[in-house]
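We count residues from 1, following the sequence as given.
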Amino acid sequence: MQEDDRTTASSHLYSCFTWSSAVYNPNREAPRKLKYLLEPLVYPEITGRRGDNVTLPCILISRPSHYKVKWTKLEPGFVGPENIIMISNARAFKPYGHLGQRASLRKAHSMDASLQLSNLALEDGGMYRCELVNGIEDENVVITLRIEGVVFPYQSKNGRYRFTFHEAKDACAEQDGTLATYDQLFRAWADGLDWCNAGWLQDGTVRYPIILPRPVCGVEQNPGIRSYGTKDKNRDRFDAFCFTSQTAGSVFYMSGSFSFEQAGHACKHQGAELALVGQLYAAWHFQKQDQCDGGWLKDGSVRFPISNPRKRCGGIPEAGVRSFGFPNKTTHLYGAYCYR
C-alpha cells in the first residue's frame, strides 16, 4: 500500500485555525445599515447533513407597506444566472426550480421570512440571499449553508491522472458524491487530509492538500493546499477530490474470501449490494466504522476503514480509509463491504 493511498485525520490542527464567516455583499458596495432586515450576526452560517431539514434565518425588523421577499441561491463565484427559489409577500409564496420543490417559509411570526429546506442534497451547500424587494429601498442579507461531510480522493481504476474534469465529476457521482469545493477541501486539510496526488475541484481548479511536506510532494514548500490553477476541463487529466455526506442506509462488513463477483452475491443474499466508496467514507466519518479487513467495493477497489489506528492494521498511526487499489477481480480474495 503506497503512502498516497490513505486519508489521514489529525485533530490537533484545529488549534491552528480560527473559523469565521463573512457576509457577502452581492453588489460589492460598502456595507450599509439595514432598515427592514435583521443583519444575521448570530447565524451567518448554517450547517446540516444530507437528508436533514434546515432553516435559513431572515427576519424583518420593520415592514414597508408593499414588499416582496425573494430567496435565491447564489451561483459559485457569484457569476451566472440567479437560481430563484421562491418569491413571497405577506400572504402567499410561489416556488421556483428544483430547490423550490423542497422549500417553504417558516412563518414562525408575522416578521419571519426564514427559508426552510427539506431533505438536503449534497448540491444544496452554498450561499443564499434573502432579498426584500421594495422598489427604491431593496436590501438583502446572505446566509451560508454548509453541508457537513467528508472529502475523499478518488482515482481511476486505470491509474493515476486519468480523469478530465467532466469524467471526474461523473466518477464522484458514481461513488455517491460530488466534486469537492475549495472550502470543503480546505476543511478536510485542516482536519488532517494529506494527499500527494492532484485532483479536480468543483470550480475547475486542480489542487492537493499537504500536511507533511516530503520529497515526492514538494518538500521545499510549506504545508497547505497546493494549486495547479485552472486547467482545461476537456483536455487536462488528473484525479478527483469528491465530497459526500451521511447516507440513509448503513455499511456492514461480510467476512470471507470472495472474488469480486462472489462478494456481490454475498451482499445480495443479505438484501444489500456492494458499497460505494462514498458510502464507506460516510460510514467511517459519521459512524466511526472500524474494520481491519480489506473488502471489495462496487467500483472493484478494495479498502477498509480505521477509526482506531493500531500497529497490526495498516501500520499507519492516523485514522482513515485505507486502499489496496483495484486488484484482479478473480484471483484476489477479500471480504465485502455491503450497503443497505
Side-chain angles (χ1 to χ4, degrees), residues 19-34 36-50 52-60 67-89 93-106 112-134 137-149 151 165 169 172 177-187 200-205 207 230 233 241 243 245:
W19 296 103
S20 63
S21 297
V23 176
Y24 168 73
N25 186 334
N27 298 319
R28 299 180 184 273
E29 299 172 351
R32 59 189 178 92
K33 186 174 178 62
L34 298 178
Y36 299 108
L37 295 177
L38 179 66
E39 191 77 49
L41 298 177
V42 179
Y43 301 112
E45 181 177 277
I46 303 297
T47 61
R49 299 177 182 180
R50 178 169 50 183
D52 284 354
N53 301 328
V54 297
T55 299
L56 306 182
C58 184
I59 307 298
L60 279 67
Y67 72 95
K68 292 181 180 179
V69 172
K70 180 171 71 171
W71 274 99
T72 59
K73 184 175 188 292
L74 301 178
E75 296 293 328
F78 315 112
V79 296
E82 287 184 332
N83 185 356
I84 299 176
I85 303 169
M86 71 165 55
I87 298 177
S88 70
N89 55 28
F93 68 88
K94 181 177 180 181
Y96 293 86
H98 69 283
L99 274 172
Q101 306 307 309
R102 294 186 282 116
S104 62
L105 289 178
R106 182 173 62 177
D112 187 10
S114 301
L115 183 73
Q116 293 180 316
L117 289 177
S118 62
N119 193 24
L120 286 182
L122 295 177
E123 298 81 6
D124 291 346
M127 303 184 80
Y128 290 75
R129 179 172 60 200
C130 175
E131 181 178 7
L132 186 141
V133 181
N134 182 35
E137 297 183 294
D138 295 355
E139 58 187 43
N140 65 82
V141 295
V142 174
I143 306 294
T144 298
L145 172 60
R146 181 170 67 87
I147 305 299
E148 184 183 351
V151 171
F165 172 83
K169 185 176 180 180
C172 289
T178 61
L179 274 176
T181 66
Y182 174 80
D183 286 348
Q184 289 165 347
L185 183 65
F186 184 87
R187 288 178 182 273
W200 290 103
L201 295 181
Q202 195 177 106
D203 61 0
T205 61
R207 307 173 190 263
T230 301
K233 294 181 178 180
F241 285 106
F243 174 81
S245 186

Working for side chain to side chain contact (heavy atoms under 4.5 Å, CB included), residues Tyr128 and Leu74
CA-CA 6 Å; Tyr128 290 75; Leu74 301 178; over 6 Å; no
Solution key, residues 52-60 side-chain donor-acceptor pairs under 3.5 Å, sequence neighbours excluded:
| from | atom 1 | to | atom 2 | distance (Å) |
| --- | --- | --- | --- | --- |
| Asp52 | OD1 | Gln246 | NE2 | 3.3 |
| Asp52 | OD2 | Arg49 | N | 2.9 |
| Asn53 | OD1 | Asn119 | N | 2.9 |

Checking side-chain polar atoms at under 3.5 Å, does [X] have a donor or acceptor matched by the opposite partner on [Y]?
X      : Y      : result
Ser104 : Gln116 : yes
Thr181 : Asp183 : no
Ser245 : Arg50  : no

Under 4.5 Å between any side-chain heavy atoms of [X] and [Y], yes or no?
X      : Y      : value
Lys68  : Asn134 : no
Leu117 : Leu145 : yes
Met86  : Leu105 : yes

Checking [X] side chain against [Y] main chain: does a donor-acceptor pair fall under 3.5 Å?
X      : Y      : value
Glu139 : Leu37  : yes
Gln202 : Leu179 : yes
Arg129 : Thr72  : no
Asp124 : Leu120 : no

Over all atoms of both residues, closest heavy-atom pair of Leu115 and Trp71:
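Closest heavy-atom pair between Leu115 and Trp71: CB-CE2, 3.5 Å.
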With sequence neighbours left out, the residues meeting ring-ring contact (aromatic ring centres under 6.0 Å, His included) with Phe165 are Trp200
